[in-house]
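Scroll down for the structure; my scribbles are underneath it.
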Protein chains: 2
Amino acid sequence: MKPGQRVVVALRKMIASGELADGERIAEIPTAERLGVSRMPVRTALRTLEQEGLVARIGARGYAARGPTISQVTDAIEVRGVLEGLAARIVASSPPAPQLAQKLKDCLAQGEALFAKGYLEEADLERFYTYNLAFHDLLVDASNNSAIAYALSRNNHLPFGSAAALALDWDDLPATYAHLSAAHRDHVAVCDAILSGDAEEAEQLMRRHARAPLANGRLTHAPML
Amino acid sequence: MKPGQRVVVALRKMIASGELADGERIAEIPTAERLGVSRMPVRTALRTLEQEGLVARIGARGYAARGPTISQVTDAIEVRGVLEGLAARIVASSPPAPQLAQKLKDCLAQGEALFAKGYLEEADLERFYTYNLAFHDLLVDASNNSAIAYALSRNNHLPFGSAAALALDWDDLPATYAHLSAAHRDHVAVCDAILSGDAEEAEQLMRRHARAPLANGRLTHAPML
DNA sequence: ATCATGCTTATTGGATCCAATAGCGGTCGG
DNA sequence: CCGACCGCTATTGGATCCAATAAGCATGAT
């Protein structure tokens, strides 16, 4: 990976993990030395992270980390809910192309296979992650609305803003099974609403689905891009 | 203004005005010479504009302008609708602070004053612009949801993505009066729903309000930041 | 004759250097 | 003793230089 990208993801991780505390000042030179690059990649990275809302300018003198606060996390989840809800509504509003219906079925089949055996093993968590992302991406893609994709791509950089934000508990597989299979059932329900052309229902279901992690109460770490 | 900012706004204008056609390649060196600066501000500006969605990367070789297509415009309006709808819902969901109610009243009073005399004059368009922006900002601000503000701030850079996107017709003031007073009535209705705590109604009204320009059919130029 | 391969060149990304600026501290005067 | 002013320094923004890379073209081989 090129230095520029490396610095961006490194800083994202340091902010998300709290290694850079909320409000802590980020100067270019120390950061560059710390990461073993010149000031230039750091400069561009800070500009990028500012656009992403992960750092904020301190007057005219440097940037400060904007650590993930609980409210930021819940806010990002709410926003993802309405955006994906809109995507679902749009998709449901027009008669589905046969190939879209097929893609949806194929995608849901992956989820079905995961839960068929009635329990989860560790490797399944990774598979669910992939399947879940695929479903959400499929929907956004099918909505064919560039502004949604654009807004979501930004939101995804926020902590827990991505569809990957799941209440995963690697130590309590039964509880995780309950959460994830509920999510899968949500997917099926959304798909049904879409295929039957019920736009209102599709949107409501999708929004509730996105908000599920809020109800679960537990927000643990999920991989962030 | 510093060179960096100058280049960003200059490129934004050139893209919005079509001076840089959709899909046209933007190389750093010619652009830098054209604007009379070095390559560096152009580099940072292109990164910024990429984040804003106004240019897209062409493989590993430069950027291309993403001109304002009709679908981009309508997409951005839809997205703004759901985001501001969410803001309205959130505000309506909790009992309004007295000072918020006062601010809303003050804001709506500005609109009321504009339409009281039953017709519009040129200067009123500017005033309505200010009032309209103030109302929308007030709502987003009151929702206290940073992710909404963040997503909207990005969306605002898209053509017609901002609340300033109104079907303004400077030559047909009576028709404009109809549109704008309808918008003001929308504001009043949203405000009523919020103060009475009807979250569902507030959201629906706000979404319809945002989509009104789509129904008006006419999308003319509005100032873009 | 056509396709593949290698060379040339144009263009972007990174590093280093230089200038402008703001913040901070010290000192001097009231 | 306190406040204001001046100068120093730390830090960011811009310019130029260098390296890496990919695209385009030409040439040769099959």
Side-chain angles (χ1 to χ4, degrees), chain A residues 1-15 19-67 150 153-154 156-157 224-225, chain B residues 1-15 19-67 150 153-154 157 225:
Chain A
M1 188 180 294
K2 296 224 262 204
Q5 293 299 315
R6 264 191 355 119
V7 173
V8 174
V9 301
L11 285 177
R12 278 211 203 104
K13 254 195 269 208
M14 289 164 76
I15 293 172
E19 190 176 339
L20 286 167
D22 184 277
E24 181 176 346
R25 174 157 176 220
I26 303 177
E28 289 180 3
I29 299 177
T31 310
E33 287 173 354
R34 188 170 177 179
L35 297 177
V37 293
S38 91
R39 268 183 57 214
M40 182 67 62
V42 178
R43 270 167 73 174
T44 67
L46 285 175
R47 292 318 226 303
T48 303
L49 294 176
E50 185 192 8
Q51 299 285 328
E52 291 177 2
L54 294 179
V55 302
R57 307 213 43 158
I58 301 221
R61 216 66 171 205
Y63 296 82
R66 285 180 35 143
Y150 170 54
S153 72
R154 291 283 132 353
N156 284 345
H157 295 133
M224 277 193 306
L225 179 60
Chain B
M1 188 180 297
K2 296 224 262 206
Q5 293 299 317
R6 266 191 355 123
V7 173
V8 174
V9 301
L11 285 178
R12 276 209 204 106
K13 253 195 269 207
M14 288 163 77
I15 293 172
E19 189 176 341
L20 286 168
D22 184 277
E24 181 175 347
R25 171 153 179 224
I26 304 177
E28 289 180 2
I29 298 176
T31 310
E33 287 174 353
R34 189 170 176 180
L35 298 178
V37 293
S38 93
R39 269 184 57 216
M40 181 66 62
V42 178
R43 269 168 73 173
T44 67
L46 285 176
R47 294 310 229 300
T48 303
L49 295 176
E50 185 193 7
Q51 298 285 330
E52 290 177 3
L54 293 178
V55 301
R57 308 211 42 156
I58 301 224
R61 217 65 173 200
Y63 296 81
R66 284 180 36 144
Y150 170 54
S153 73
R154 293 286 150 308
H157 294 132
L225 180 59

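The basis for the numbers below is simple: all heavy atoms, side chains too, and nothing from hydrogens, waters or symmetry mates. Just so we're on the same page: letters track the sequence lines, and every chain starts at 1.
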Problem - salt bridge (charged side-chain N to carboxylate O under 4.0 Å, His left out) partners of residues 50-65 of chain B, not counting sequence neighbours, each pair once - result: B/Arg12-B/Glu52

Between [atom2] on [N] and [atom1] on [X], what's the gap in Å once rounded to a whole number?
| X | N | atom1 | atom2 | answer |
| --- | --- | --- | --- | --- |
| A/Glu33 | C/dT16 | CD | P | 11 Å |
| B/Arg6 | D/dG13 | CZ | P | 17 Å |
| A/Ile29 | D/dT11 | CD1 | P | 6 Å |
| A/Arg57 | D/dT11 | CZ | P | 15 Å |
| A/Lys2 | D/dA20 | NZ | P | 12 Å |
| A/Ile58 | D/dT12 | CD1 | C1' | 13 Å |
| B/Gln5 | D/dT12 | CD | P | 17 Å |
| A/Arg25 | D/dT12 | CZ | P | 6 Å |

Nearest heavy atoms of [X] and [Y], plus distance in Å:
| X | Y | result |
| --- | --- | --- |
| B/Ile15 | B/Arg66 | CG2-O, 4.0 Å |
| B/Gly4 | B/Pro41 | CA-CB, 4.2 Å |
| A/Ala65 | A/Ala21 | CB-O, 3.5 Å |
| B/Val42 | B/Val7 | CA-CG1, 4.1 Å |
| A/Val55 | A/Leu46 | CG2-O, 3.8 Å |

For the [atom1] atom of [X] and the [atom2] atom of [Y], what is their distance to the nearest 0.5 Å?
| X | Y | atom1 | atom2 | value |
| --- | --- | --- | --- | --- |
| A/Met14 | A/Leu49 | CE | CG | 11.0 Å |
| A/Ile58 | A/Glu24 | CD1 | CD | 10.0 Å |
| B/Leu54 | B/Tyr63 | CG | OH | 13.0 Å |

Practice task
For DNA chain D, determine which residues of residues 35-49 of chain A have any heavy atom closer than 4.0 angstrom to one of its atoms, and list them numerically.
Solution key: A/Arg39, A/Met40, A/Arg43

Scan nucleotides 7-9 of chain D against the protein and return all N/O pairs shorter than 3.5 Å with their distances rounded to 0.1 Å.
none

For residues 29-36 of chain A, please give each side-chain donor-acceptor pair under 3.5 Å, one per line with the distance, not counting sequence neighbours.
from: A/Thr31; atom 1: OG1; to: A/Ala27; atom 2: O; distance (Å): 2.5
from: A/Arg34; atom 1: NH2; to: A/Glu19; atom 2: OE2; distance (Å): 3.0

Handout entry: Pairs involving residues 37-48 of chain B, ordered by first then second residue, that meet side-chain hydrogen bond (donor to acceptor under 3.5 Å, both in side chains) (sequence neighbours left out)
Key =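 Residue pairs passing side-chain hydrogen bond (donor to acceptor under 3.5 Å, both in side chains), neighbours aside: B/Glu28-B/Arg39.
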
Problem - First of A/Ala60 and B/Ala60 reached from the 5' end of DNA chain C, by closest nucleotide - result: B/Ala60

Problem - Pairing string, 5' to 3', for DNA chain C - Watson-Crick or wobble contacts under 3.5 Å, brackets [ ] where pairs cross, | to another strand - result: ||||||||||||||||||||||||||||||

Problem - Sugar-phosphate, base or nothing in reach of A/Gly59, heavy atoms under 4.0 Å - result: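 Answer is nothing: A/Gly59 stays at 4.0 Å or more from every strand.
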
